[in-house]
Amino acid sequence: MNHLYHLFLRTEREQMLYEQARQLSEQFRTRAAWHDEQAAFPFDNFAELKEAGLLALTVPKKYGGEGSSLYEFLLVQEMLAQGDGATALSLGWHLGIVMSLAEEDRWPPSIFARLCQEIVEKKVLLNSAHSEAATGSPARGGKPETTAERRKDGWRISGRKTFTSLAPALDYFIVSATIKETGEVGHFLIPKTACGLKIEETWNTLGMRGTRSDDLILDRVEVEEEALVEILRTPKTKAKAQAQGWLLHIPACYLGIAIAARNDAVDFAKAYKPNSLPHPIAEVPEVQRKIAEIDLELMTARHFMYAVADRWDRDPAKRPEMKEELAAVKYVATNAAVRIVDWSMRIVGAQSLFATNSLQRYYRDVRAGLHNPPADDITLSMLAIRALK
């Protein structure tokens, strides 16, 4: 067994999910450079994910899904990201949102049940569309400028959303909007077929290019009454920050990319023998020190992440008290991933800068993790406030 996983695979089911994800990851790796260069959404990867049934990984068993735990979800995410980080991150939003809705029971049961059935039977994809240029990340509490106006038979929604990951492939968008009549903020479930909905191709970024997180344009989109699936907050209240275990898919993804960089660097060190040395550079003490530093970073971040996920699964009563731990995992993992890729490139040297070398893609992709929620300053503030209470 891969020694990086021998301590983390505890059951036959986890071993099965790991092996399934490993095989998919190897396929994704062969196409990752092309998706990155072209900034193209990995439709081929998602076709294989659909065929493997992984879109239903977190759908509750009572609706025909796998009902996977958070721990199992992270194992899959981390392994898929070793093949293609953009594919893993994109899938993570879909799977994580489904997990969150199942755990928190926030939507009308009939709508959630119908959505789960479509995921299982029709392989549909969904993601949220909350970010806006004026408000930035919804984690910072800005009120959406996208508006929802009550009509005779439903709602009319207008606005523009940014960072809409999976935009070209989504079947449903969960859109946050301010209700004109009441000032409330609600979530609306909008199908891609809605008249007035379109995608503007704005995604031209340094890293995570394959997520195609383009802008969503809502031009007087008409939806039915039941499209309003959740009231998030009223004019007199703010949305309460809740512990959201599913967001650990983010650190799992970036640790997967870091593992891929680590493996490339180790393979290079064992094979590369310059004519100035009688042996491969793997025998050079400084190279060994860098490899050891990389593995120490991985041990620290991964044991922390999987321990917190295990606590989330085993002790639901403790979940409301875990906001700081969940945020800290993301902080530790994403910053560790940046350092690991940097050290890996130092081991490989200038060859890592070539566009044909995967390390330069890892270098660009892991930096995106610093900007996924929660941001480092929010995490540090949370920890300080808890300590000083």
Side-chain angles (χ1 to χ4, degrees), residues 39-41 85-86 89-90 92-94 96-97 125-149 155-170 172-192 194-223 227-235 238-239 241 244 247 250 253 327 330 334 364-379 381:
F41 186 81
L89 188 66
S90 298
W93 294 118
H94 164 89
I97 289 170
L125 274 167
L126 73 150
N127 194 11
S128 61
H130 298 329
S131 295
E132 297 180 357
T135 62
S137 169
R140 296 191 181 272
K143 193 172 185 179
E145 293 189 344
T146 298
T147 60
E149 182 180 2
W155 303 92
R156 175 182 288 170
I157 301 173
S158 296
R160 184 187 192 105
K161 298 294 186 178
T162 57
F163 295 99
T164 311
S165 296
L166 300 105
L170 289 175
Y172 287 101
F173 300 80
I174 304 170
V175 173
S176 57
T178 300
I179 299 172
K180 280 188 174 182
E181 292 80 5
T182 64
E184 296 172 313
V185 175
H187 283 176
F188 294 81
L189 182 65
I190 304 178
K192 69 176 181 181
C195 187
L197 183 152
K198 66 177 182 179
I199 305 298
E200 185 174 319
E201 295 184 352
T202 56
W203 194 243
N204 184 18
T205 53
L206 183 73
M208 286 295 180
R209 291 165 59 77
T211 64
R212 289 309 314 176
S213 302
D214 292 309
D215 285 10
L216 171 68
I217 312 299
L218 302 152
D219 183 12
R220 293 174 294 177
V221 171
E222 303 276 353
V223 291
L228 176 60
V229 289
E230 179 180 5
I231 294 293
L232 195 64
R233 70 193 200 210
T234 69
K238 289 186 177 182
Q244 300 183 78
L247 282 174
I250 297 169
C253 174
K330 191 267 178 177
T334 51
R364 291 182 286 106
D365 281 352
V366 290
R367 298 210 64 83
L370 302 177
H371 307 288
N372 286 133
D376 286 0
D377 64 307
I378 291 178
T379 297
S381 177

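Heads up: numbering here begins at 1 and tracks the sequence. A quick note: this is a predicted structure, and the numbers were derived from the prediction, not measured.
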Practice item. Evaluate whether atom CD of E201 has more than 12 neighbouring non-hydrogen atoms of other residues, nucleotides or ligands under 6.0 angstrom away. Key: no
So, [X] side chain and [Y] main chain: donor-acceptor pair closer than 3.5 Å or not?
X	Y	value
S131	F163	no
T178	P144	yes
H187	S176	no
S158	R220	yes
S128	H130	no
E132	E145	yes
S90	A86	yes

Review point. Under the side-chain hydrogen bond (donor to acceptor under 3.5 Å, both in side chains) test, which residues partner E200, sequence neighbours left out?
Key: R160
Practice item. With sequence neighbours excluded, tell me which residues meet side-chain hydrogen bond (donor to acceptor under 3.5 Å, both in side chains) with R367. Key: none
Can you measure from [atom1] ([X]) to [atom2] ([Y]) and round to the nearest 0.5 angstrom?
X	Y	atom1	atom2	value
L370	D376	CG	CG	6.0 Å
T211	L89	OG1	CG	6.5 Å
K192	L170	NZ	CG	9.0 Å
W155	K180	CH2	NZ	12.0 Å
T146	F188	OG1	CZ	10.5 Å
L197	I190	CG	CD1	6.5 Å

Study note, to complete from the structure: Hits for side-chain contact (heavy atoms from CB on, under 4.5 Å) against L247, two or more places apart or cross-chain, chain-then-number order -> W93, Q244, I250
Review point. Taking only residues two or more places apart in sequence or in another chain, which ones pass side-chain contact (heavy atoms from CB on, under 4.5 Å) with A129?
Key: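 side-chain contact (heavy atoms from CB on, under 4.5 Å) list for A129, sorted by chain: K161, T164, V175, L216.
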Exercise for review: Dump the intermediate steps for side chain to side chain contact (heavy atoms under 4.5 Å, CB included) on T162 and T202, then the final yes or no.
Suggested key: CA-CA 9 Å; T162 57; T202 56; over 6 Å; no
Practice item. Carefully, step by step, assess I97 and L126 under the rule side chain to side chain contact (heavy atoms under 4.5 Å, CB included). Key: CA-CA 8 Å; I97 289 170; L126 73 150; 4.0 Å; yes
Point to revise | Residue list, salt bridge (Lys or Arg N to Asp or Glu O under 4.0 Å) with E222, at least two apart or on another chain | key: R156
Point to revise | Non-hydrogen atoms of M208 and C253 that approach each other most closely | key: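 Shortest heavy-atom separation between M208 and C253 comes out as CE-SG, 4.0 Å.
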Review point. So which heavy atom on A148 is nearest to which on I157, and how close?
Key: CB-CG1, 4.0 Å
Check your understanding: Does any pair with a residue in residues 202-212 pass salt bridge (charged side-chain N to carboxylate O under 4.0 Å, His left out), and if so which ones, sequence neighbours excluded?
Key ->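 Every salt bridge (charged side-chain N to carboxylate O under 4.0 Å, His left out) pair that includes a residue of residues 202-212, provided the two are not neighbours, is R212-D214.
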